[in-house]
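So the structure is just underneath, and the comments pick up after that.
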Amino acid sequence: MPRSDTRSDCIDLRATLDCGQVFHWRKRADGSWEGLIGEGHAVVREDNSRLVVLQGEPGLVNRYFAMDHDLGGIYAGFPKDETMLAALDFCRGLRMIRQPAWECLATFITSSMKQVAHIRQMSTALRARFGSAVAGTDLRSYPTPDALASASEDELRACGLGYRAKNLRATAQRVASGAADLETMRELDDENLRDALCQLPGVGRKVANCVMLFGFEKLSAFPVDTWIARIMKRHYWRGRAKPTPAALEKKLAARFGPHAGYAQQYLFHHARSTERRRHR
DNA sequence: CGCCAGGGTCTCG
DNA sequence: CGAGACCATGGC
């Protein structure tokens with residue numbers, strides 16, 4: 001009997017929503033997942049690895065969860081080494097969702113030197129304090145650029161942001177004023193988009209790559225954080241001199257191909273999940 | 001208590 | 001360039 005989750009239209013909601021690409025979805029007692037897609041309330045569940053939309057406009061929800069991504073084709077392009085195959089086996093059905101660009105950018109500005117659990121906590125606090133109510137749920141929308149631009153630094157620090165408050169506020173002001181236009185950035189090629197994002201306060205190479213991957217559908221973007229650097233050193237970079245981040249990305253792009261971002265997220269989620277388990 | 005967390009930025013050699 | 005200091009906060 002063929003595994004049902006090897007189909008190209010499968011999805012693993014827990015892996016997708018709990019892998020560190022998005023930070024506000026929650027699992028309900030009945031096993032369904034509740035979240036917001038922009039300002040819209042959405043509830044979804046799995047049925048035999050297929051996506052079932054319980055709340056929200058189906059076309060919009062399917063687009064958010066990137067159900068059009070051909071996972072079979074993407075997996076076929078992964079390198080066949082042991083580390084990658086173990087990650088694939090663990091993460092099969094994890095999809096790179098299409099997040100609203102501003103929400104993604106702002107969230108990852110707050111992510112530096114923070115654990116995933118605390119990024120979620122800051123996101124919740126920002127939504128509660130500066131977001132808007134949404135009909136049918138107590139979840140609140142992510143604050144607009146205007147809302148964060150007009151907040152004081154102390155108010156942002158009260159949401160647990162620490163030194164990141166200044167950067168989030170400054171970037172929100174640039175976006176709110178139109179000095180930075182995220183929609184126009186969609187027309188840029190990868191390299192120019194990365195450069196444009198890196199000009200924003202609090203955005204360096206790593207955060208820019210996350211925003212490209214999660215918010216701009218740039219599936220080749222390869223964020224290198226502490227976990228990925230550890231994996232690369234352990235499994236892909238043994239004995240060799242430490243390359244610069246840019247050189248590392250170039251070599252990784254060659255190794256992992258046009259969907260390198262997918263491979264990266266699978267390696268990240270697998271390593272982090274198994275490491276966490278070992279601590280219990 | 002010490003260490004680490006999906007880093008960015010500035011300074012100094 | 002490249003390495004190091006510093007930045008806040010919370011979990012373990």
Side-chain angles (χ1 to χ4, degrees), chain A residues 15-25 87 90-91 94 96-97 99 103-126 129 151-172 174 180 194-216 218-219 221-234 240-250 252 256 260-280:
Chain A
T16 299
L17 295 172
D18 204 30
C19 71
Q21 63 174 325
V22 65
F23 301 93
H24 77 278
W25 287 78
F90 185 84
C91 301
L94 191 169
M96 311 305 302
I97 63 177
Q99 293 185 47
E103 176 180 328
C104 182
L105 169 62
T107 301
F108 276 92
I109 285 174
T110 69
S111 75
S112 81
M113 292 300 290
K114 279 295 179 188
Q115 294 182 121
V116 170
H118 195 224
I119 300 169
R120 184 175 289 112
Q121 191 176 316
M122 289 183 289
S123 167
T124 301
L126 287 169
R129 175 66 181 82
S152 72
E153 191 180 323
D154 283 343
E155 287 176 313
L156 296 179
R157 280 176 181 262
C159 295
L161 293 187
Y163 63 85
R164 304 157 192 82
K166 185 190 293 276
N167 287 332
L168 180 59
R169 184 165 184 268
T171 289
R174 288 208 199 174
R194 186 179 294 109
D195 289 344
L197 289 170
C198 283
Q199 288 174 7
L200 298 170
V203 180
R205 259 201 122 74
K206 188 270 171 184
V207 169
N209 279 322
C210 284
V211 177
M212 290 171 68
L213 180 57
F214 305 137
F216 284 86
K218 300 294 190 183
L219 300 184
F222 198 104
V224 178
D225 71 326
T226 54
W227 285 89
I228 290 293
R230 194 178 310 149
I231 294 167
M232 292 301 119
K233 188 175 177 184
R234 190 181 297 165
R240 266 174 275 187
K242 180 185 167 194
T244 66
L248 178 60
E249 277 171 40
K250 190 170 286 185
L252 293 175
F256 291 97
Y262 254 96
Q264 179 274 157
Q265 195 62 16
Y266 280 43
L267 292 169
F268 172 82
H269 182 56
H270 179 228
R272 205 172 67 85
S273 300
T274 53
E275 188 76 17
R276 252 192 323 192
R277 232 171 250 172
R278 209 170 297 152
H279 278 298
R280 287 179 197 159

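In what follows, every chain begins at residue 1, and chains take the letters A, B, ... in the order their sequences are listed.
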Describe the nucleic acid contact of A:F214 in one word from base, sugar-phosphate, nothing, applying a heavy-atom distance below 4.0 Å. base
For A:Q264 and A:L200, take the nucleotide of DNA chain B holding the closest heavy atom to each; which residue's nucleotide lies nearer the 5' end? A:Q264
Taking only Lys NZ, Arg NE, NH1 and NH2, and the carboxylate oxygens of Asp or Glu, determine whether A:D18 and A:R120 approach each other closer than 4.0 Å. yes
Select base, sugar-phosphate, or nothing to describe what A:R164 touches, counting heavy atoms under 4.0 Å on all strands. base
Bounded by its outermost nucleotides with an atom under 4.0 Å from a heavy atom of chain A, the footprint on DNA chain B reads B:dA5 to B:dT9
Have a look at A:R120 and say if it touches a base, only the backbone sugar-phosphate, or nothing, with a 4.0 Å heavy-atom cut-off. nothing
Close N or O pairs between protein and nucleotides 4-6 of chain C (under 3.5 Å):
none

Can you tell me how far P of C:dG10 sits from CD of A:Q115, to the nearest Å? 12 Å
Aromatic ring proximity, centroids under 6.0 angstrom, A:F108 and A:F23: yes
Is A:G20 touching bases, backbone alone, or none of the nucleic acid, heavy atoms closer than 4.0 Å? base
Earlier contact from the 5' end, DNA chain C, for A:G162 and A:Q121: A:G162
Determine the contact category for A:L213: base if any of its heavy atoms lies under 4.0 Å from a base atom, sugar-phosphate if only primed atoms, P, OP1 or OP2 are that close, otherwise nothing. nothing
Mind checking whether A:F90 and A:H269 have parallel, tilted or perpendicular rings, split at 30° and 60°? tilted
For A:C159, answer base if it contacts any base atom (sugar-phosphate contacts may also be present), sugar-phosphate if it contacts only those atoms, and nothing otherwise; contact means non-hydrogen atoms under 4.0 Å. nothing
